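Data block below; observations after.
Since this is a predicted model, take the numbers as computed values, not measurements. Note that the numbering runs from 1 along the sequence shown for the chain. Start at 1 and go down the list; that is how both ligands and their atoms are numbered.
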Amino acid sequence: MRFDILTLFPEMFSSPFQESILAKAIEKGLIEVRTINIRDFALDKRRIVDDAPYGGGQGMVMKVEPIARAIEQVKSEDPSVRTIYLTPEGKPLNQEMARQLSSRSHLILLCGRYEGVDERVRELFIDEEISIGDYVLTGGELAAMVLIDTVSRLLPGVLGSDRSAEEDSFFGSLLEYPQYTRPASFRGYEVPEVLLSGNHQAISLWRRKEALRRTWMRRPDLLSKASLSEEDKKILEEISKKDVS
Ligand code: 4GT
């Protein structure tokens, strides 16, 4: 899968893709991440990419022409590329959207700065607008990194082939159960005994219970969308009766 990032700050993307899982994914050729400096598509001698807003007001607006040229260059190489603008006004990103995006072979990610882009960029060139949450950033770059990270880990081979499918069925519906590793005892705080028991059926049941408990306590909104078995519903009834920690 290929990502073309249109940005005024390509340097921001150097380190996130040079570490760990994403670096390996690039090495293996599973993903390709390219940055395109929008300023390279400004043709005037000062290479101006922004201007004051018509109608007045605070800040600057990113001009349409450099962005148009940059997008058109990528599209001339691959007319089927999908163009995404990262903005707080976009559709909130979730696991299901990440899964759908992971089926595409090529995305353009447009990163805004200042007060954002001229509206005609959105009308003429953008297929989809995505937000990573209800808060404001200084630019779309961090949002683009978040999107690339969450989509890339869903591609076959990026995490280790057996893991991804398993996780997909689970996530989006329930929070994760608690995890422990050695030592079994730390300053008097013990790992739950069942995890040391070797009883895999008991361990699975405990984990399902803890996932349900955590979801009920922290994200009850997720439970209405989750696919729950009859046993899950019984467990939840018990949890809601107790209602502690
Ligand atoms: C928040 C998000 C985002 C920004 C988000 C245009 C100029 C938008 C600054 C940019 N803030 N981008 N993608 N929540 N800020 O996704």
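In the displayed structure, Q179 atom CD is contacted under 6.0 Å by more than 12 heavy atoms of other residues, nucleotides or ligands.
Listed by chain and residue number, R120 satisfy the side chain to side chain donor-acceptor pair (under 3.5 Å) test with D118 (two or more places apart in sequence, or in another chain).
Between L175 and R218 the shortest side-chain heavy-atom distance falls below 4.5 Å. Looking only at side-chain heavy atoms (C-beta outward), W216 and S240 come within less than 4.5 Å of each other.
In this structure, F41 is a member of the same hydrophobic cluster as M60, with clusters built from ILVMFWY side-chain heavy atoms closer than 4.5 Å.
None of I148, I108, I36, L110 except one satisfies the side-chain contact (heavy atoms from CB on, under 4.5 Å) rule with I5; the exception is I148.
Using a 4.0 Å heavy-atom criterion, the residues that approach ligand 1 are Y85, L86, T87, P88, G112, R113, Y114, G116, S131, I132, G133, Y135, V136, L137, T138, G139, G140, A143.
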